[in-house]
Each structure stands twice: as structure tokens, then as C-alpha cells.
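Working notes for the structure below.
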Amino acid sequence: MSVAIADLAGLADTTVLPRARRELPVRKALMVPLALVLMVGIWELYKAVGPDKGGQINGWNLIPRAGDASMPHVHEMIRRMFRPEVARGNSRTVFAAVAAATWYSFRVALLGLGLGLLFGLLIAMVMSRFTVVRRAFTPYLIASQTVPLIALAPIVVSWSGKLTIGGFEFEKWMTTALLGAFLAFFPVAVGALRGFSSPKSSAFELMDSYAASGWQQFRKLQFPAALQYLLPSVRLAAAASVVGVVVSEISIGVASGIGRLIITYAGESDPAKVYPAVFGAAFLGLAMAALVAAIDTIATRNRPTEATS
């Protein structure tokens, strides 16, 4: 009888947990429009009551300007989004230009994330395998993230048209992908290194007792143990790759990216035209986050749900 009761209790748990998992994404989806409405309300409220020319607090310029040149109305931004990009002629709309630039930057950022993921995993594998390598290269791994991206971009872009390996020629757009990978590999390397080292020594001893090879230990023990550390690191890497791509587009002048489009629109006397490009950059970050979240869901769909008391 006690065994039957325990089986019924376990069956009840399995029927409740999936329902809770289905309700949670609905709550998250509802928070997105609510947050957007709140941001629009705060924007319009400050524009209504804020000073047009800004203000000072104890001599510091801390109160932003609320004039039309600095803070156009939200409805004006939306209206400008669907007008022609150029006043004269039948040109494409601002929305079409922003969508094309965002799609271009998304593909480059995705390539940068892939390269960063590959380099980060390879570095973590080597460092987890050889203690001497980990001790020798950990300071350089940390110091690599202190190099300013704006200072590094002109050096990397100088390779375009000059670096040729076999039939491969380094082009200018590859600079943005490489700089995105430069920022993305660090969180992946740190998270993967911690995950590869997380199994207990008894687990490694058990694998040794089965005469498992190094690759079998990595595939059966280390990599599954590293997933819980690696997936949050990939989220950080996705955001870092977007930042690297947008900043490098601004620095080196890639004409097709959303970063360069922001600078181009900012140089025109049309404030409402700049913000659709900013919205495109924000959407780029959200798209990368959604992609990583989908990968997280697929990778962990078969993992058991932890019970909480």
C-alpha cells in the first residue's frame, strides 16, 4: 500500500510540474508589453513636465533635456519610421532601412557568437586538461578583456585586403565578426572551464576504472556537467557579441550595419529618425537573447526538474 501511495504521489508531481512550466513563459510574455507601456509612459511624462533645456543639481548637468530635438514624441518616432528615408524621391522607408541593417548585423553577430563559442570551448578544454596551461594563460585571458575595442578595431580592419590564406581573403565585414567573437569567447571560456572542472575526483576515478579514454571522459562526464555553467555563459556571450559588432561597425564604418546607420541618422537634423535605428539595435539584442533561450530550452528539455520543498 505504501508503495502504491508513493507511486501516486510521484505521478501527481509529474502532472503538476509541466503545467507550471507552461504558465511561466506566459507570465514572461505578458511582462514584455507591460514594460514597454511603462517605458513609453515615463518618456511622455518626463517630456510633459521636464525642462526643455535641461537643468543642474548643485552645478552638475544631471537633468536631461526634454525638447523635441532631444526627446521627440513616441508617436512622432513611429510616424517617421514609415516615411521615406530621403525626403525627395521614392526611396525606401526608414523601417525598411533599419530592418535591413538589423538583419545584416544579426548575421554578423551570430557568426561572432559561433566563433566565440568555438574558441572559448577549445581554450577551456586545453586549460582543463593541462594545469600548467591554465596557470600560465589565465592572467592573459583576463587581461585580454581590458583592451579597448575601439583601439583594437583599426588594427584588425587593416588586415582587410592584405591577409590571404590559400583562397581565403580577409574582408572588412569580417572585422566586426572577429571583434564580436573577441568579446564573446571570454564568458564561454570561463563558464566552460568551471564546468569541465566541476565533477568530483571520485567520478574521474570511476571513469579511469572503466579504462575510459580522455575523449570519453570529456563526452560522458565533463561536458554534461558543464552545461549548467555553459548555458548562462552563452547568454552573456550573445550580448557581448552584439555589443562588439555594433561598436565595431561604428568604429570602422561598415556601411551595412545598424551601428553605422545610427551614426548616419544622428548626423542629420531629424531627431525622430535616429530612434528607429536605436530600436533596431535593441531588437538585435532581444533576438540574440531569444535565440540563446531557445537553445537553452532544447538543450535542457530532457533534464529532470528539481523538486523544491
Side-chain angles (χ1 to χ4, degrees), residues 108-159 162-166 168 170 174-245 247-248 288 292 295-296 299-300 303:
V108 177
L110 189 61
L111 177 59
L113 177 61
L115 292 175
L117 184 62
L118 177 62
F119 294 155
L121 287 175
L122 290 177
I123 292 172
M125 289 173 60
V126 175
M127 295 178 70
S128 64
R129 182 67 176 175
F130 304 100
T131 306
V132 176
V133 176
R134 179 172 57 188
R135 293 177 179 176
F137 284 94
T138 297
Y140 298 101
L141 189 67
I142 298 173
S144 66
Q145 300 303 297
T146 63
V147 179
L149 196 65
I150 297 179
L152 190 62
I155 300 175
V156 181
V157 77
S158 64
W159 299 347
K162 300 178 182 179
L163 181 62
T164 303
I165 302 176
F168 173 80
F170 191 86
M174 297 178 184
T175 302
T176 57
L178 192 60
L179 292 176
F182 176 75
L183 293 184
F185 91 95
F186 178 76
V188 174
V190 173
L193 179 60
R194 184 179 180 185
F196 294 158
S197 305
S198 62
K200 297 180 179 180
S201 58
S202 58
F204 287 102
E205 293 175 358
L206 179 61
M207 296 294 289
D208 291 335
S209 66
Y210 290 147
S213 63
W215 171 247
Q216 289 175 331
Q217 289 186 4
F218 174 79
R219 185 167 57 90
K220 296 292 187 179
L221 177 62
Q222 291 179 279
F223 187 79
L227 283 178
Q228 60 178 333
Y229 300 95
L230 186 59
L231 292 175
S233 300
V234 175
R235 297 192 189 101
L236 296 177
S241 66
V242 171
V243 172
V245 167
V247 172
S248 60
M288 290 294 292
V292 174
I295 295 174
D296 187 357
T300 59
R303 296 184 63 184

- Query: From Gln222 CD over to Trp215 CH2, what is the distance, rounded to the nearest 0.5 angstrom?
  - Reply: 10.5 Å
- Query: For the residue pair Ala189 and Ala124, what are the closest heavy atoms and their distance?
  - Reply: O-CB, 3.7 Å
- Task: May I ask you to test the Phe223-Met125 pair for a side-chain heavy-atom distance under 4.5 Å?
- Result: no
- Message: Just verifying a value: how many Å separate Leu193 CG and Thr138 OG1, rounded to the nearest 0.5 Å?
- Response: 6.5 Å
- Message: With a 3.5 Å distance limit and no angle check, can you tell me whether Ser248 reaches the backbone of Val245 through a side-chain donor-acceptor pair?
- Response: yes
- Atom CD1 in Ile295, atom CZ in Arg235: separation rounded to 0.5 Å? 10.5 Å
- Quick one: pull up CG in Leu236 and CG in Leu183 and give me the separation to the nearest 0.5 Å. 12.0 Å
- Which atoms form the tightest heavy-atom contact between Ala184 and Ala237, and what is the distance? O-CB, 3.3 Å
- Message: As an exercise, state the distance from CG of Leu117 to CG of Leu230, rounded to the nearest 0.5 Å.
- Response: 6.5 Å
- For Leu121 and Val188, which heavy atoms make the closest approach, and how far apart are they? N-CG1, 4.1 Å
- Does Phe186 reach the side chain of Ile123, with side-chain heavy atoms less than 4.5 Å apart? no
- Tyr229 and Gly191 have their tightest heavy-atom pair at CB-O, 3.4 Å
- Task: Determine yes or no for a side-chain-to-main-chain donor-acceptor pair under 3.5 angstrom, with Ser233 supplying the side chain and Pro187 the backbone.
- Result: yes
- Task: Could you tell me which residues satisfy salt bridge (Lys or Arg N to Asp or Glu O under 4.0 Å) with Arg134, sequence neighbours excluded, listed by chain and number?
- Result: none
- With ring centroids as reference points, do Phe218 and Phe196 lie under 6.0 angstrom apart? yes
- Task: Grab the two heavy atoms, one from Phe182 and one from Gln145, that are nearest each other, plus how far apart they are.
- Result: O-NE2, 3.4 Å
- If we only count heavy atoms from C-beta on, is the Val126 to Leu122 side-chain gap below 4.5 Å? no
- Would you name the heavy atoms of Met127 and Val133 that are closest together and state the gap between them? CG-CG1, 4.3 Å
- Nearest 0.5 Å, what's the CG-CG distance between Leu115 and Leu179? 11.5 Å
